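Keep in mind that what you see is a predicted model, and the values were worked out from it rather than measured.
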Amino acid sequence: MKTCIEKFFMGSVVVAALLLSSCAMVPRHHIGDTVIADQRIDLQSTTENVTWSTDDLSIHYGLVKKDAVLRLSGSVEISTSVTNTFPLADYLYIYLYLLDSEGVVISRHTLRPNISRYNMLSKRTSFSATLPKEPGTAYMAFGYFGNFVSIETVEGGGRGGYEKIEWEIYHDPFT
């Protein structure tokens with residue numbers, strides 16, 4: 001028959017193993033992953049006033065390359081296919097991946113457009129970032145993850161006065 005101390009010790013070992021195994025599930029941020037060829041933006045041909053688009057959003061940006069620094073500034077425009085039904089922003093993360101000549105991710109940077117939580121979106125929302133240009137950087141690529149919300153009233157079918165309906169958008173440029 002096991003004593004209370006032995007049971008406690010065995011239980012502690014199981015809990016510790018579960019906690020440590022969850023550490024292995026931390027995202028890698030795609031460092032070392034390869035971006036699809038048609039998603040790569042050549043830094044040599046990139047000039048100011050460029051637009052990158054998907055069905056969900058457009059990123060209008062300018063890029064200044066100076067020595068070991070990249071200065072990226074511009075705006076994000078969410079498609080009306082999203083905002084007509086889901087006009088409130090919960091969050092939006094724009095990911096900028098810096099890639100080597102083979103399209104492998106060297107670093108990832110998160111850009112936060114000026115979006116206040118649960119506010120109506122303006123036509124364009126600005127962002128800017130100054131990033132270190134890693135040695136060997138030849139390309140960049142964009143990704144994003146966001147959540148948008150619609151509030152339905154009782155008249156519109158909501159329960160208890162209102163109902164929050166959410167819509168996620170995302171883009172992953174990887175193979």
Side-chain angles (χ1 to χ4, degrees), residues 16-83 86 88-119 121-149 166-175:
L18 288 173
L19 290 173
L20 289 175
S21 69
S22 68
C23 292
M25 294 186 265
V26 173
R28 293 181 23 228
H29 303 295
H30 297 291
I31 304 298
D33 291 351
T34 302
V35 169
I36 299 169
D38 68 357
Q39 295 292 308
R40 300 174 195 168
I41 300 167
D42 188 347
L43 289 179
Q44 297 305 318
S45 65
T46 301
T47 59
E48 297 213 22
N49 303 320
V50 179
T51 298
W52 177 86
S53 296
T54 67
D55 291 339
D56 299 319
L57 58 77
S58 295
I59 298 175
H60 311 280
Y61 67 94
L63 181 67
V64 176
K65 300 167 284 207
K66 187 171 182 178
D67 301 324
V69 175
L70 297 173
R71 288 190 183 93
L72 183 72
S73 61
S75 62
V76 177
E77 184 176 6
I78 308 300
S79 169
T80 56
S81 66
V82 175
T83 59
F86 304 96
L88 305 176
D90 186 4
Y91 56 84
L92 177 63
Y93 300 100
I94 305 294
Y95 302 116
L96 176 67
Y97 300 97
L98 297 181
L99 318 172
D100 68 12
S101 61
E102 301 296 318
V104 176
V105 176
I106 298 170
S107 63
R108 183 192 88 162
H109 304 275
T110 303
L111 309 176
R112 293 293 311 265
N114 294 325
I115 294 178
S116 297
R117 191 166 188 211
Y118 295 124
N119 279 344
L121 292 170
S122 61
K123 180 138 177 82
R124 288 188 180 187
T125 304
S126 65
F127 67 88
S128 65
T130 300
L131 310 167
K133 182 180 175 190
E134 306 290 337
T137 301
Y139 299 98
M140 67 180 198
F142 286 110
Y144 58 83
F145 181 64
N147 194 54
F148 295 82
V149 179
E166 299 182 18
W167 185 259
E168 283 187 349
I169 63 171
Y170 65 91
H171 175 75
D172 187 0
F174 300 97
T175 56

- Item | Atom of V35, atom of A141 and distance for their closest heavy-atom approach | CG1-CB, 3.9 Å
- Item | CG on D56 to OH on Y170, rounded to 0.5 Å | 9.5 Å
- Message: Does F142 form a side chain to side chain contact (heavy atoms under 4.5 Å, CB included) with L96? I'd like the steps, not just the answer.
- Response: CA-CA 5 Å; F142 286 110; L96 176 67; 3.9 Å; yes
- Which residues share a side-chain hydrogen bond (donor to acceptor under 3.5 Å, both in side chains) with H109, sequence neighbours left out: S107
- Message: Once rounded to the nearest 0.5 Å, what's the spacing between atom CG of L98 and atom CE of M140?
- Response: 8.5 Å
- Message: So, using ring pair (Phe, Tyr, Trp, His ring centres under 6.0 Å) as the criterion, who are the partners of Y93 when residues are at least two apart?
- Response: Y91
- Tell me the side chain to side chain donor-acceptor pair (under 3.5 Å) pairs involving residues 66-75, sequence neighbours left out? none
- Query: Between A129 and L111, which heavy-atom pair has the shortest distance, and what is it?
  - Reply: CB-CD2, 3.4 Å
- Message: I need the I36 CD1 to D172 CG distance, nearest 0.5 Å.
- Response: 7.5 Å
- Under the ring pair (Phe, Tyr, Trp, His ring centres under 6.0 Å) rule, collect the residues that match up with Y144, sequence neighbours excluded. H171
- For residues 126-140, the side chain to side chain donor-acceptor pair (under 3.5 Å) pairs (sequence neighbours left out) are N114-S126
- Which class fits the ring pair Y97 and F174: parallel under 30°, tilted 30 to 60°, perpendicular over 60°? perpendicular
- Note on the structure: For V76 and I78 the tightest heavy-atom approach is CG1-CD1, 3.9 Å
- Query: Looking only at heavy atoms, what is the nearest atom pair of R112 and F127, with distance?
  - Reply: O-CB, 4.5 Å
- Query: Does some side-chain heavy atom of R108 sit less than 4.5 Å from a side-chain heavy atom of H30?
  - Reply: no
- How long is the span from the CD1 atom in I59 to the OG1 atom in T51, to the nearest 0.5 Å? 10.0 Å
- Dump the intermediate steps for side chain to side chain contact (heavy atoms under 4.5 Å, CB included) on I41 and Y61, then the final yes or no. CA-CA 12 Å; I41 300 167; Y61 67 94; 3.7 Å; yes
- Message: Does anything in residues 96-107 form a salt bridge (Lys or Arg N to Asp or Glu O under 4.0 Å)? List the pairs, not counting sequence neighbours.
- Response: none
- Evaluate the side-chain proximity of I94 to L92: yes if any heavy-atom separation is below 4.5 Å, no if none is. yes
- Query: Do T54 and W52 have side-chain heavy atoms sitting under 4.5 Å apart?
  - Reply: yes
- Between the CG atom in N49 and the CG atom in L63, the distance rounded to the nearest 0.5 Å is 11.5 Å
- Query: Rounded to the nearest 0.5 Å, how far does CZ of F86 lie from CH2 of W167?
  - Reply: 6.0 Å
